[in-house]
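Take a look at the structure below.
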Amino acid sequence: MLQLALIRQQPDFVKQRLQVKNFDASAAVDSILLLDEKRKKLQLELESSQAGLNAISKEIGQLMAQGEKEKATAKKLEVSRMKTGLTPLQQGLDLADNQLQEILVSLPNLPAAAVPPGKSPADNVTVREGGKKPVLPSGAVPHWDLAKRYNLIDFELGNKITGAGFPVYVNQGAKLQRAMIQYFLDFNTTAGFVEYQPPLMVNEDSAFGTGQLPDKEGQMYFATEDRFYLIPTSEVPLTNLWRDNIVKEKDLPIKMTAYTPCFRREAGSYGKDVRGLNRLHQFDKVEIVQLVHPEKSYAALEEMVLHVERLLVSLQLPYRILRLCGGDMSFASAITYDFEVFSAAQEKWLEVSSVSNFETFQTNRMKIRFKDDQGKMQLLHSLNGSSLALPRILACLLENNQFSGGIAVPEVLHTYFQARTLSPGPANP
RNA sequence: GGAGAGAUGGCAGAGUGGUCUAUUGCGGCGGUCUUGAAAACCGUUGAAGGUCAAACUUCCGGGGGUUCGAAUCCCUCUCUCUCCGCCA
């Protein structure tokens, strides 16, 4: 949620920045300014009346204490009459407040100055590439064929017990995934991120806090009986751990990491992009989240980008880093870098991480603040990134590392996986 | 699932209709003393809106009600704890 003060002070700047996200905010910003004026006027009027009432009520109390019952009764009548005039004021104020809030939460975050304009993924800017695309042996196949041949993942079993997009990892497939989770978590905690195991379901307030509600209502699984949402990413519970908190400046930055499954309905997805591990309803991800001093968030962003890049380098995967254009960025983000790895048999780039600075957009909703050295209350900046999304990393590893005798496991995973290669395994049910 | 008890400031914990403008303790911050520290003592210490600053308004789990006046009474929801039942 944008800060009202910013809209008040620089309405034209807000409109102009949101155009980079292809969002026409003219009408919304103008309504906000009008409603804000209206609200202030009503509030002033209401509060001065309330002050008067409060004073008389206090007098009544004193008169009662002195036993002056008649005078008190007279005052009571006076106050009841005044009170009826207050109701419409209160209602008007509540209405203006609600309308203001409703428009305010519908506005996306402003893109940072460095965000390139653009409408589609084609307008994203490649920041840099790394790693080397492999030369595959003849007869190389995509990961879904390898998954079958080596008995690593069973998509049909998943279909049976749940539905499409819920694969069952088997044997070495399950073990390799576990090895990666452990390696990624160790990589993050070594860099100072504190490990958490958060709940996988969150309430409405949490989903609102990070910006999933109301924007992405239909994209989350929802347990109607208890009104809980299955998390689409651990960013949601991790960031919300600090909701309604005033953090001590000396405790900054707050760095967190977690492994969790993630659940996404992916309503509207179809066709070739959903083949194999490319797009799932449930997938594993290791996430990093930071809450930092507002002046340090862009340094923190660069640090996180380098951190994820080092992780990809250690896995020896060909990757590229994109700076997303305004049109491809998420609702809550001020700037986003996407990491893609090249899945050699599909000949496709797959997004495996997205690192974003949300500035105060989330913390304003969640009221995560600190007191600066002047004693002034300020909102923190929140950032997060994947490190990493597992299925697509797995897809890429399988495809890129296949050779005649098996599939090579990257060196950094050898001790975690307790083997150097994948070999064909036993049959499933 | 059944029965009971609760939810008050960073934490503990008083307050059952009228200066509550929320007692007190701990913690935090500042100071005195000290070579320095501890102890002791003194002072200070919630948030939001509003204002140049103040005044002022709102907030005692959420929502609603009674009343001139609600932390306090009523309704309702949520959550927590204790006991019983079930259970990994």
Side-chain angles (χ1 to χ4, degrees), chain A residues 1-9 32-105 197-209 213 222-229 237 240-252 254 291 360 363-380:
Chain A
M1 187 163 66
L2 296 175
Q3 291 180 264
L4 185 56
L6 176 71
I7 299 176
R8 215 148 40 190
Q9 286 154 17
I32 286 173
L33 293 177
L34 275 173
L35 283 166
D36 187 42
E37 279 305 311
K38 189 177 166 192
R39 184 185 61 95
K40 240 192 249 185
K41 226 179 102 192
L42 285 169
Q43 188 182 336
L44 202 70
E45 212 176 323
L46 176 71
E47 287 183 356
S48 61
S49 305
Q50 277 173 334
L53 286 182
N54 288 345
I56 299 176
S57 290
K58 214 165 268 181
E59 281 178 40
I60 294 174
Q62 280 159 6
L63 289 172
M64 297 288 277
Q66 290 159 18
E68 308 232 34
K69 249 189 151 173
E70 281 158 44
K71 281 188 185 171
T73 313
K75 291 265 185 198
K76 276 191 201 179
L77 277 171
E78 187 191 339
V79 176
S80 337
R81 236 174 291 128
M82 286 172 68
K83 254 188 83 173
T84 47
L86 258 119
T87 317
L89 277 179
Q90 183 70 61
Q91 284 169 346
L93 180 62
D94 289 346
L95 184 68
D97 248 337
N98 290 339
Q99 288 174 335
L100 185 64
Q101 199 65 14
E102 198 178 315
I103 301 175
L104 214 46
V105 299
Q197 282 191 15
L200 306 181
M201 299 179 108
V202 296
N203 59 29
E204 214 168 326
D205 287 345
S206 298
F208 173 79
L213 291 180
F222 183 55
T224 54
E225 192 77 7
D226 298 287
R227 306 193 59 76
F228 291 153
Y229 293 88
N240 271 282
L241 292 175
W242 299 89
R243 174 151 49 87
D244 294 320
N245 251 278
I246 298 163
V247 180
K248 293 216 166 62
E249 192 174 354
K250 68 174 165 56
D251 293 334
L252 297 175
I254 291 162
L291 293 169
T360 59
T363 54
N364 189 31
R365 289 181 169 209
M366 284 183 275
K367 299 286 169 269
I368 308 179
R369 295 163 293 175
F370 75 105
K371 218 174 247 183
D372 65 22
D373 42 22
Q374 312 289 318
K376 245 186 79 185
M377 214 52 96
Q378 278 197 59
L379 292 167
L380 288 170

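Residue numbers start from 1 in every chain, and the chains themselves are labelled A, B, ... in the order their sequence lines are given, proteins ahead of strands.
In this model, the phosphate group of B:G28 is not approached by any side-chain N or O of A:Lys371 to a distance below 4.0 Å at OP1 or OP2. Applying the 4.0 Å criterion to OP1 and OP2 of B:A48, one finds that A:Arg369 has a side-chain N or O inside that range. For A:Asn54 and B:G18, the shortest distance from a side-chain N or O to OP1 or OP2 is not below 4.0 Å. Considering only side-chain N and O atoms, A:Lys58 lies nowhere under 4.0 angstrom from the phosphate OP1 or OP2 of B:C20.
Partner assigned to B:G43 is B:C29, using Watson-Crick or G-U wobble distances below 3.5 angstrom. B:A3 is paired with B:U82 under the Watson-Crick or G-U wobble criterion, all donor-acceptor distances under 3.5 Å. In this structure, B:U21 forms no base pair with any nucleotide, since neither Watson-Crick nor G-U wobble geometry is met with both distances under 3.5 Å. Remark: B:U34 base-pairs with no nucleotide in the shown strands. Criterion, Watson-Crick or G-U wobble with two distances under 3.5 Å. Pair check for B:A55 finds none; no Watson-Crick or G-U wobble contact set falls under 3.5 Å. Here B:A70 sits opposite no nucleotide as a Watson-Crick or G-U wobble pair (both hydrogen-bonding atom distances under 3.5 Å). B:G9 makes up no base pair with any nucleotide shown, lacking Watson-Crick or G-U wobble contacts both under 3.5 Å.
Heavy-atom nearest nucleotides on RNA chain B were determined for A:Lys248 and for A:Met64, and the one closer to the 5' end corresponds to A:Met64. Nearest-nucleotide positions on RNA chain B for A:Glu47 and A:Leu77 put A:Glu47 closer to the 5' end.
B:U58 atom C1' lies 11 Å from atom CG of A:Asp97, rounded to whole Å. When rounded to the nearest whole Å, the span between CG of A:Leu89 and P of B:G49 equals 21 Å. Taking atom NZ of residue A:Lys376 and atom C1' of nucleotide B:A47, one finds them 16 Å apart after rounding to whole Å. A:Phe228 has its CZ atom 10 Å from the C1' atom of B:U78, to the nearest Å. Taking atom CZ of residue A:Arg8 and atom P of nucleotide B:G49, one finds them 9 Å apart after rounding to whole Å. In this structure, A:Leu379 places its CG atom 10 Å from P of B:A48, rounding to the nearest Å. Counting to the nearest Å, the P atom of B:U58 and the CD atom of A:Gln90 are 10 Å from each other. Atom CG of A:Leu86 and atom C1' of B:U57 are 12 Å apart (whole Å).
Comparing the P positions of B:U67 and B:G50 gives an interatomic distance of 32 Å, to the nearest angstrom. For the C1' atom pair drawn from B:C79 and B:G27, the interatomic distance equals 27 Å after rounding to whole Å. Between B:U35 and B:A47, the two P atoms lie 38 Å apart (nearest whole Å). To the nearest whole angstrom, the two C1' atoms, one in B:C83 and one in B:G30, are 49 Å apart. Remark: the separation of the C1' atoms in B:U8 and B:G25 is 15 Å, to the nearest Å. To the nearest whole angstrom, the two P atoms, one in B:A22 and one in B:A70, are 16 Å apart. Annotation: B:G61 and B:U80 have their C1' atoms spaced 10 Å apart (nearest Å). Taking atom P on both B:G28 and B:C11, the two are 15 Å apart, rounded to the nearest angstrom.
Looking at A:Leu380 and A:Trp242, their side chains never come closer than 4.5 Å, going by heavy atoms from C-beta outward. Side-chain atoms of A:Leu104 and A:Ile7, non-hydrogen and from C-beta on, do get closer than 4.5 Å to each other. Counting heavy atoms from C-beta on, the side chains of A:Lys71 and A:Glu59 never come closer than 4.5 Å.
Rounded to the nearest 0.5 Å, atoms CD1 (A:Ile368) and CD (A:Gln378) are 14.5 Å apart.
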Evaluate the criterion side chain to side chain donor-acceptor pair (under 3.5 Å) for residue pair A:Ser206 and A:Asn203; output intermediate values, then yes/no.
-> CA-CA 6 Å; A:Ser206 298; A:Asn203 59 29; 3.1 Å; yes
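Counting non-hydrogen atoms under 4.0 angstrom, A:Met377 reaches the backbone sugars and phosphates but no base. At a threshold of 4.0 angstrom between heavy atoms, the contacts of A:Ile56 with the nucleic acid are absent.
Nearest to the side-chain atoms of A:Lys83 among the listed nucleotides B:U57, B:G18, B:G69 stands B:G69. Distance from the side chain of A:Arg39 is smallest for B:G50 among the nucleotides B:G50, B:U57, B:G18.
A donor atom on one side chain and an acceptor atom on the other are found under 3.5 Å apart for A:Gln90 and A:Asp94.
The minimum heavy-atom distance between A:Asn364 and A:Leu2, with the atom names listed, is ND2-O, 3.3 Å.
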